[in-house]
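Below: the structure, in structure tokens.
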Number of protein chains: 2
Amino acid sequence: MSAKRPTLADVARLAGVSTATVSYVVNGQTHGKVIISEETRQRVLEGIKRLDYQPDARAKSLRAGSSQLIGILIPDMHNPHYWEIVEGVEEKAHQAGYELLLSCTSLALHREQQAIDALSRRRIDALIALPSFPEQSRELLQAMAARNYPIVMVGNDFIATDTVVTGYEAQTRALMAHLLGLGHLRIGFVFGVGSPALGVNRWHAYVSSLAEAGLPVDETLVDRCGVTIEDGYQAARRLLAQPQPPTALLVVNDLLAIGVLLAAAEQGLTVPDDLSVAGFDDINLAAYLNPPLTTVRAHAKEIGREAARLAITRLGARTLPVQHVVVQPQLVLRASTGPAPG
Amino acid sequence: MSAKRPTLADVARLAGVSTATVSYVVNGQTHGKVIISEETRQRVLEGIKRLDYQPDARAKSLRAGSSQLIGILIPDMHNPHYWEIVEGVEEKAHQAGYELLLSCTSLALHREQQAIDALSRRRIDALIALPSFPEQSRELLQAMAARNYPIVMVGNDFIATDTVVTGYEAQTRALMAHLLGLGHLRIGFVFGVGSPALGVNRWHAYVSSLAEAGLPVDETLVDRCGVTIEDGYQAARRLLAQPQPPTALLVVNDLLAIGVLLAAAEQGLTVPDDLSVAGFDDINLAAYLNPPLTTVRAHAKEIGREAARLAITRLGARTLPVQHVVVQPQLVLRASTGPAPG
DNA sequence: CGATTAGGCTTAATCGATTAAGTCGAAAAT
DNA sequence: ATTTTCGACTTAATCGATTAAGCCTAATCG
């Protein structure tokens with residue numbers, strides 16, 4: 001039972017032709033040189049069906065020098081934001097005949113470096129990287145880039161290559177203007193990022209918006225925490241337990257905002273009457289939270305599409321000048337923000 | 001600039017040895033036969049470092065006949081439940097030296113079949129399958145199984161192979177007992193599954209619990225909907241808009257329950273005072289919803305671990321009798337369920 | 001002192017495709 | 001009646017590893 005998987009040679013034998021012929025039939029395109037008669041073609045096709053032959057992608061890739069595989073490195077499977085980016089990448093990649101090889105760094109440096117190494121060994125054609133530790137992984141990525149490996153960095157520009165970043169500044173300022181306009185004077189920030197570099201533009205916009213409004217950066221209103229919902233929950237508990245709690249909270253992403261909303265509810269605070277909460281990303285869930293979350297939509301799927309587009313473009317034109325795409329986010333006002341209490 | 005990637009042969013040339021020697025050094029294990037002097041070893045290692053050589057996984061896999069890759073097929077990236085299963089698989093797989101090749105079927109039949117085909121072409125060593133369309137994909141999967149391809153089916157047993165399933169019946173009945181004990185007489189069911197077969201054990205337990213309590217299955221309290229949060233939201237709106245709405249809702253998974261909670265809030269209903277809501281899975285989020293969700297914990301990570309364990313075991317013992325693992329879930333009571341109103 | 005043995009490599013076949021460069025017979029051109 | 005051309009394939013090198021089997025040389029054994 002269960003012989004080995006059939007190969008080109010098996011099909012060739014069955015059809016009474018050479019492996020070359022089978023290959024030409026399978027791939028359709030004979031490069032204009034070789035012609036296969038319709039009769040032979042049918043015989044080969046028949047054999048393929050009979051044996052249920054499927055080409056070996058490894059062999060094909062080895063010989064062809066291209067794996068038709070785009071690697072994508074994301075920090076964490078728990079944040080829907082990343083899935084949405086992956087979806088965008090997948091959409092474009094598929095259209096262009098590429099498949100995706102997905103790796104999660106699980107927010108651990110050694111896992112990130114292992115993952116980069118593994119992708120590289122599998123000879124992916126290009127890498128779309130959302131590293132959790134851009135500083136520490138820079139060298140590895142740069143080594144890949146130096147080998148003419150197309151890399152697209154998403155969300156940061158730690159190496160000199162194609163990039164897709166979100167232009168958070170303007171919309172963070174718009175969000176701050178929204179909150180300030182609602183009368184909030186104590187606006188806190190739950191800043192839970194894997195690496196400080198990753199949230200830097202949101203942070204800067206927060207600081208400068210406060211400055212322009214003549215308000216100080218009150219470090220007692222800022223909590224630098226981890227990246228899980230639980231971290232957001234704990235951070236909010238700490239911030240809200242203070243004698244002078246914030247009346248509004250920016251949360252560096254929607255996932256953490258879920259924890260923040262629960263912490264608020266547990267302290268008996270009604271959102272937005274007692275506390276306004278705003279997130280970033282606009283993950284799918286955000287509109288279904290209780291209350292629906294005001295947020296800055298990153299257009300994750302579009303980011304993914306752009307990243308894939310850049311990667312595929314570069315695969316066809318290695319010497320093109322480096323490209324930088326900025327995807328502009330959008331302020332989405334929902335029910336979680338409202339006038340300052342009192 | 002940027003020459004081609006270095007191969008074994010390049011390292012061999014640099015070190016002045018044969019490719020065989022380099023291979024032996026790289027892999028450490030010489031099968032007890034071949035001995036390499038420490039001096040040569042060092043020279044080769046030096047060359048590897050100098051060229052930054054990384055073995056080509058495709059070539060290795062082609063020759064070795066094993067890709068050290070476990071494929072995993074999940075329905076949908078949007079449900080955290082699946083990610084948790086993947087995490088469990090990854091944990092065990094990594095321990096055993098396997099990597100994961102993840103494919104999403106995106107809930108479309110043709111994508112599912114494409115994905116199975118692609119995994120098969122990449123010559124994964126084993127497949128862990130959570131198909132969205134078990135009936136329709138059965139034939140494809142069976143064809144793989146017939147080739148002695150280790151397959152582990154998770155959540156259903158549509159083909160005769162190793163399986164991991166969740167034993168939902170008992171805990172669904174426990175959940176129903178909980179609700180009935182709280183005085184609920186109109187218990188609805190938001191039944192949003194990709195394929196009816198996938199939720200069948202929950203459905204049966206629901207029906208038989210009602211029967212045992214002497215209650216009819218009221219189809220006006222049941223909504224068979226899609227699998228997104230929005231579907232859950234819409235289903236709940238429909239159910240709650242009726243003249244005789246349910247006082248409690250089972251929701252086939254926690255993701256849909258998010259939408260249900262919002263629908264309830266929008267109708268001005270307080271959970272659990274006016275409506276009790278219970279989900280299944282206990283995704284990470286469930287404890288952070290507002291209110292925290294009563295649910296049946298599936299132990300997703302454990303399911304993933306078990307699936308990986310079965311796959312790896314079978315890779316080492318093809319002729320072992322088929323194994324069936326049942327992971328027992330656990331009722332988790334939180335704040336979303338309470339006494340029936342009135 | 002000739003025959004093993006052990007150490008330390010190398011040679012070359014192999015995995016399953018792709019593809020440039022033939023081959024061979026028949027029809028068309030000269 | 002040759003020579004070309006063309007249609008319809010085949011041959012064999014190649015991609016980058018792995019690994020069984022072989023080949024020296026020097027040391028050890030009987």
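Lettering follows sequence order; numbering is per chain, from 1. In this text the structure is predicted, and so the values were computed from the model without any measurement.
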**Report entry** Qualifying residues under salt bridge (Lys or Arg N to Asp or Glu O under 4.0 Å), relative to B:E112, sequence neighbours excluded
**Finding:** none

Query raised in the report: Between D:dA17 atom P and A:R121 atom CZ, what is the distance in whole Å?
Result: 10 Å

Query raised in the report: Under 3.5 Å, is there a donor-acceptor pair between the side chain of B:Q68 and the main chain of B:G97?
Result: yes

Query - B:D162 side chain to B:Q323 backbone, donor-acceptor under 3.5 Å - result: yes

Query raised in the report: Considering the terminal five base pairs at each end of the helix from C:dC1-D:dG30 to C:dT30-D:dA1, what angle separates the two local helix axes, rounded to 10°?
Result: 70°

Requested in this report: Check the distance between C:dG16's C1' and A:R5's CZ and give it to me in whole angstrom.
Outcome: 12 Å

Query - salt bridge (Lys or Arg N to Asp or Glu O under 4.0 Å) contacts touching residues 43-54 of chain A (sequence neighbours left out) - result: A:D52-B:R147

Query raised in the report: How many Å lie between NZ on B:K60 and P on D:dA17, as a whole number?
Result: 9 Å

Query - Whole-Å distance separating the CZ atom of A:R58 from the P atom of C:dG16 - result: 8 Å

Report task. Measure from CG on B:N27 to P on D:dT19 and round the result to the nearest Å. Result -> 7 Å

Query raised in the report: Which ring pair (Phe, Tyr, Trp, His ring centres under 6.0 Å) pairs, counting each pair once, include a residue from residues 125-158 of chain B, with sequence neighbours left out?
Result: none

Query raised in the report: With a 4.0 Å cut-off, would you call A:R121 and B:E99 a salt bridge?
Result: no

Report task. Starting at atom CZ of A:R13, determine the distance to atom P of C:dG16, rounded to an integer number of angstrom. Result -> 11 Å

Query raised in the report: In whole angstrom, what separates B:L51's CG from D:dG16's C1'?
Result: 15 Å

Report task. Check the pair A:R314 / A:T161 against side chain to side chain contact (heavy atoms under 4.5 Å, CB included), numbers first and verdict last. Result -> CA-CA 10 Å; A:R314 183 147 310 275; A:T161 182; 5.6 Å; no

Query - Closest to side chain of A:P55, choosing from D:dA17, C:dG16, C:dA17 - result: C:dA17

Query raised in the report: Could you give the CG-to-P distance, from A:L62 to C:dT18, as a whole number of Å?
Result: 11 Å

Got a list of protein N/O to nucleotides 9-14 of chain D N/O distances below 3.5 Å?
unit_1 : atom_1 : unit_2 : atom_2 : d
D:dC9  : OP1    : A:T40  : OG1    : 2.9
D:dC9  : OP2    : A:S37  : N      : 2.8
D:dC9  : OP2    : A:S37  : OG     : 2.4
D:dC9  : OP2    : A:T40  : OG1    : 2.7
D:dT10 : OP1    : A:S18  : N      : 3.4
D:dT10 : OP2    : A:S18  : N      : 2.8
D:dT10 : OP2    : A:S18  : OG     : 2.8
D:dT10 : OP2    : A:T21  : OG1    : 2.5
D:dT14 : O2     : A:R63  : NH1    : 2.7

Which donor-acceptor pairs under 3.5 Å do the side chains of residues 73-85 of chain A make with protein atoms, sequence neighbours left out?
unit_1 : atom_1 : unit_2 : atom_2 : d
A:D76  : OD1    : A:H78  : N      : 2.8
A:D76  : OD1    : A:H78  : ND1    : 3.3
A:H78  : NE2    : B:E87  : OE1    : 3.2
A:H78  : NE2    : B:N284 : ND2    : 3.4
A:N79  : OD1    : A:H81  : N      : 3.0
A:W83  : NE1    : A:M77  : O      : 2.7
A:E84  : OE2    : A:N284 : N      : 3.0
A:E84  : OE2    : A:N284 : ND2    : 3.4

Requested in this report: Check whether any side-chain N or O of B:S137 sits under 3.5 Å from a backbone N or O of B:L140 as a donor-acceptor pair, and report yes or no.
Outcome: no

Query raised in the report: Which part of the nucleic acid, if any, lies within reach of A:T7 when heavy atoms closer than 4.0 Å are counted: base, sugar-phosphate only, or nothing?
Result: sugar-phosphate

